[in-house]
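Beneath this line is the structure, given in structure tokens, with notes to follow.
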Amino acid sequence: MTREEKSRVIEDLTAQLAESNVVYLADISGLNAETTSNLRRACFKAGIQLAVVKNTLLEKAMGASDNDYGDLPSVLKGNTSILIAENGNAPAKIIKEFRKKSDKPLLKGAFIHQAVFIGDNQLDALVALKSKEEVIGEIIGLLQSPAKNVVSALKSSGGKLAGVLKTLSER
């Protein structure tokens, strides 16, 4: 790879990192061709970009990026694949699903909205993260709940009140 090609790759990676707030680093080495193809297909369906990158080029791109990746460049050893997504827990769910069948892919680390997660032991915590849409849905549900309770109480009370008034008027 020539210096121009390397600098072009670094620029492309830096642009991708700048556009995304969700970056996962994983080790997919050792997967056979069929499993790798299935992983790529699952990532594509979930809207996740999966690419195998050179560690030194990714480290330089992280350094050139405006984001603070903290200790994340320290995990750039061995084979590294980068997963870029819009949804914070989508790559973790894909990795967890594939781990049911084999011991790979291994999570090296993740950068999600300024938070850095390092190590494969963080996978369950990342799967449990809620997406922006899920959080908004829960908030709306919580806000609607008291209003629904008041409306249903008024409806049921209104029926009881009418029954009481009818009984009193008949006496």
Side-chain angles (χ1 to χ4, degrees), residues 1-139 141:
M1 203 179 235
T2 65
R3 286 187 180 198
E4 292 89 27
E5 290 173 329
K6 287 180 182 179
S7 65
R8 197 174 318 118
V9 169
I10 291 170
E11 288 173 11
D12 291 344
L13 279 172
T14 304
Q16 283 182 327
L17 293 174
E19 292 174 5
S20 179
N21 286 323
V22 178
V23 177
Y24 280 68
L25 303 177
D27 179 7
I28 63 170
S29 64
L31 294 179
N32 62 25
E34 180 184 357
T35 308
T36 303
S37 178
N38 290 339
L39 177 62
R40 288 183 182 277
R41 193 173 295 117
C43 286
F44 180 76
K45 286 180 183 176
I48 301 168
Q49 295 176 0
L50 172 66
V52 178
V53 294
K54 288 187 165 252
N55 292 333
T56 55
L57 300 180
L58 181 57
E59 188 172 359
K60 289 179 181 179
M62 285 179 166
S65 175
D66 292 335
N67 294 331
D68 179 20
Y69 291 99
D71 292 336
L72 201 55
S74 68
V75 300
L76 295 175
K77 293 174 181 68
N79 294 331
T80 303
S81 298
I82 184 170
L83 293 92
I84 298 176
E86 294 291 322
N87 187 347
N89 64 356
K93 287 180 179 180
I94 297 275
I95 291 171
K96 183 129 179 144
E97 183 65 31
F98 271 82
R99 293 274 288 275
K100 291 179 182 175
K101 299 171 191 154
S102 70
D103 59 344
K104 297 275 179 139
L106 290 175
L107 177 68
K108 290 183 169 188
F111 173 81
I112 303 172
H113 302 286
Q114 306 300 325
V116 176
F117 300 86
I118 294 178
D120 193 56
N121 58 346
Q122 300 290 320
L123 186 62
D124 290 330
L126 292 170
V127 169
L129 284 178
K130 295 187 190 259
S131 69
K132 181 179 177 182
E133 291 79 20
E134 290 172 333
V135 172
I136 290 172
E138 284 185 7
I139 290 171

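What you are looking at is a predicted structure, and each value in this text was computed from that prediction instead of being measured. Numbers for residues simply follow the sequence, beginning at 1.
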Could you tell me which non-hydrogen atom of [X] sits nearest to which non-hydrogen atom of [Y], and how far apart they are?
| X | Y | answer |
| --- | --- | --- |
| Leu50 | Ser81 | CD1-CB, 3.9 Å |
| Ala110 | Leu72 | N-CD1, 3.7 Å |
| Ala61 | Leu13 | CB-CB, 3.5 Å |
| Ser20 | Ala85 | OG-O, 3.4 Å |
| Ala92 | Leu126 | CB-CB, 3.7 Å |
| Leu83 | Ala26 | CD1-CB, 3.9 Å |

Donor-acceptor contact present, side-chain [X] to main-chain [Y], <3.5 Å:
| X | Y | result |
| --- | --- | --- |
| Ser7 | Arg3 | yes |
| Lys104 | Ser29 | yes |
| Thr14 | Ile10 | yes |
| Asn32 | Thr35 | yes |

Open item on the list: Does Glu34 have more than 12 heavy atoms from other residues, nucleotides or ligands lying within 6.0 Å of its CD?
Closed with: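 No, the 6.0 Å shell around CD holds no more than 12 heavy atoms from other groups.
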Task: Within residues 38-52 or reaching into it, pairs that qualify as salt bridge (Lys or Arg N to Asp or Glu O under 4.0 Å) - sequence neighbours excluded - done: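 Output for this query is empty, none listed.
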Task: Listed partners of Asp66 passing side chain to side chain donor-acceptor pair (under 3.5 Å), at least two apart - done: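 None.
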Drop me the distance from [X]'s [atom1] to [Y]'s [atom2], to the nearest 0.5 angstrom.
| X | Y | atom1 | atom2 | result |
| --- | --- | --- | --- | --- |
| Lys6 | Glu4 | NZ | CD | 11.0 Å |
| Leu106 | Asp27 | CG | CG | 5.5 Å |
| Asp12 | Leu57 | CG | CG | 11.0 Å |
| Ile95 | Leu39 | CD1 | CG | 8.0 Å |
| Glu59 | Lys54 | CD | NZ | 14.0 Å |

Compare all side-chain heavy atoms of [X] with those of [Y] and state whether any distance is below 4.5 angstrom.
| X | Y | answer |
| --- | --- | --- |
| Leu25 | Leu58 | yes |
| Ile28 | Asn79 | no |
| Val75 | Thr80 | no |
| Ile48 | Tyr24 | no |
| Phe98 | Leu31 | no |
| Val22 | Asn87 | no |
| Gln49 | Gln16 | yes |

Distance-only donor-acceptor pairs under 3.5 Å for side chains of residues 112-121, two or more places apart:
residue, atom, partner, partner atom, Å
Asp120, OD1, Arg99, NH1, 2.8
Asp120, OD1, Leu107, N, 2.9
Asp120, OD2, Arg99, NH1, 3.3
Asp120, OD2, Arg99, NH2, 2.7

